[in-house]
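Have a look at the structure below before the remarks.
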Amino acid sequence: MSRSLRSTVGVVVAIGVVAASCSGSLGSTFGGPAPVVSSSFVLAPSITSSVPHSGVRRISSHRVVASKSYDVEYRESVAQTRSGDFDVECTEVITTSMSSRPQFELLHEAREGFIHRYRDFHVFDPALAGSNWEKTTTGNTKVVAGRACSETHVERRLKSHSTLRHVEWDLYVDDQTGLVLEWKRYADGVLSDEGVYESIVYGEPTNYVAHVPSTNETELDPSIDPQRAFTYEVAIPKVLPDGFVVKEMSKIVDRNTNDEYLKVVYTDGIEVCFFLFASDGTPLHSRPTTTGKGGTPVPPSGSTTTSGRDEIVYVMFGDIVVAQYDDGSHLMVVAGRLSLFDIQSMIESAMK
């Protein structure tokens, strides 16, 4: 396995989570009819949906690092077919902290699949969401993209000992189709992400280019030991954040180098986090067991504080945390909108 490719994959994972997710308090009050609180997510709305449509939406992301704001706002066209094909394309960069807008557009294109599947609100597991989240139908209504919508508030249930962030979603859902047309996400009371459809046309789209994955990805059965799919010894986190379980597991093969990667996606029903692992075949027990100076958060533009290869490097970008371990023979990456403690627990448990 080439070190350059492993480094590239690590960077892509970090950029994919940061930029695709890239202040103010929630404090909203509900007027009108009395709110209806429910644990049922069986009919919960989602953005990634089989409802065929096309349209334009405006996406905004807000993060604060070391008292400095990083804001991104752009427009994208979207097309979704009934069969599951999709096309998401950045059409206008309104504001970005990146110096090159063309570079931002290229990054958006590179993470098209991630954006469609994971960036926005989605109920991945209704039963799990019912256990970990509370849904409130507020009775508020508004018109979004010419469609009558009703407001739903979704809030994470936190146990007294939980290290998870307090996350809330405000959603406006199309009354007729169930598609989420406007959304805002808050982490610990601070607005982190928002999006809104500015126009939408329901029905099978006719003018789009379906997304084609850049890698060969084979879905694995999460109930079966992933070791059976690889020729080298694999590692996997043994400690997960409260309420999270395996959502999907897959084997990724780079089409250019044939390097193999294990990718695991975890969910608590709504939020997700990711684990990536690769190896050159060296036995896992031969790697160091210490984490060195890893664990020191650094801003995205800062230099790492680690001095050796056998250490974990942590990067925090607002509520997003990325951890990467690379000893030259093994690569591990954990990324998600989780606390530093949760990310640290996941990657260190994978090393044991």
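Everything quoted here is computed from the prediction, not taken from an experiment.
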Check ion pair K159-D242 (N to O, under 4.0 angstrom): no

Heavy-atom neighbours of E92 CD exceed 12 at 6.0 Å: yes

Interatomic distance, S345 atom OG to K238 atom NZ [nearest 0.5 angstrom]: 13.0 Å

Working for side chain to side chain contact (heavy atoms under 4.5 Å, CB included), residues S279 and E260: CA-CA 8 Å; S279 171; E260 298 179 350; over 6 Å; no

Path from L240 to V321 over hydrophobic side-chain contacts below 4.5 Å: yes

Minimum side-chain heavy-atom gap H108-E89 below 4.5 Å: no

Geometric cation-pi criterion, K247 with Y266: 6.0 Å, 45°: no

Residue pairs fulfilling salt bridge (charged side-chain N to carboxylate O under 4.0 Å, His left out) with at least one residue in residues 197-220, sequence neighbours excluded: R58-E198, R75-E198, R82-E204, E217-K263

Separation of I236 CD1 from M332 CE (nearest 0.5 Å): 11.0 Å

V78 with Y208, same ILVMFWY side-chain cluster at under 4.5 Å: no

Least distance between heavy atoms, I343 atom then A335 atom: CD1-C, 4.2 Å

Centroid-centroid under 6.0 Å between F121 and W169 rings: yes

D175 side, atom CG; C149 side, atom SG - distance, nearest 0.5 Å: 6.5 Å

Path from V51 to F86 over hydrophobic side-chain contacts below 4.5 Å: yes

Pair H62 and Y70, ring centroids less than 6.0 Å apart: no

Side-chain H-bond candidate by donor/acceptor type, D170 with H153, under 3.5 Å: yes

Distance-only polar pair, side chains of S150 and Y172, donor-acceptor under 3.5 Å: no

Nearest-0.5 Å distance, CD of residue Q80 to CG of residue D87: 10.5 Å

Side chain to side chain donor-acceptor pair (under 3.5 Å) between S223 and D221, intermediate numbers included: CA-CA 5 Å; S223 66; D221 185 344; 2.7 Å; yes

D319 with R165: basic N within carboxylate O range, under 4.0 Å: no

H166 ring center within less than 6.0 Å of Y186 ring center: no

Donor on one side chain, acceptor on other, T138 and T136, under 3.5 Å: no

Salt-bridge criterion met for R156 and E168 (N-O under 4.0 Å): no

Parallel, tilted or perpendicular, as decided by the 30° and 60° cut-offs, for the rings of F230 and Y232: tilted

Donor-acceptor pair between S329 and D327 side chains, under 3.5 angstrom: no

Close side-chain approach of R63 and S192, heavy atoms under 4.5 Å: yes

Shared hydrophobic cluster, V264 / L128 (ILVMFWY, side-chain heavy atoms < 4.5 Å): no

Side-chain touch R147/T177, heavy atoms, less than 4.5 angstrom: yes

Pairwise distance CD1(I115) to NE2(H211) - rounded to 0.5 angstrom: 10.0 Å

Side chain to side chain, V333 and Y261, heavy atoms closer than 4.5 Å: no

Reported CZ-to-CD distance for the pair R117 and E112, which is rounded to 0.5 angstrom: 9.5 Å

Closest non-hydrogen atom pair, P226 against M249: CB-SD, 3.5 Å

Closest approach of V64 to S69 (non-hydrogen atoms, all atoms of both residues): CG2-OG, 4.1 Å

Minimum-distance pair of heavy atoms, taken over all atoms of D342 and L338: CB-CB, 4.2 Å

Note, L181 side chain near V196 side chain (heavy atom, < 4.5 Å): no

Ion pair check, K142 and E151, cut-off under 4.0 Å: no

Whether F274 and Y118 hold their rings parallel, tilted or perpendicular, with breakpoints at 30° and 60°: perpendicular

Side-chain donor-acceptor contact under 3.5 Å, T282 with D280: yes

Minimum-distance pair of heavy atoms, taken over all atoms of P222 and V246: CB-CG1, 3.7 Å

Close side-chain approach of V56 to E76, heavy-atom, < 4.5 Å: no

pair L340-Y314: side-chain heavy atoms closer than 4.5 Å: yes

Side-chain donor-acceptor pair present, Y197, D174, cut-off under 3.5 Å: no

N207 atom CG, over 12 foreign heavy atoms within 6.0 Å: no

Cluster check V154, V167: I/L/V/M/F/W/Y, side chain < 4.5 angstrom: yes

V253 side chain near N258 side chain, heavy-atom distance below 4.5 Å: yes

Side chain N132, main chain D268, donor-acceptor under 3.5 Å: yes

Any donor-acceptor N/O pair, D188 side chain to V190 backbone, under 3.5 Å: no

Minimum heavy-atom distance G130-R157, with the two atoms named: O-NH1, 2.7 Å

N-O pairing of K135 and E155 below 4.0 Å: no

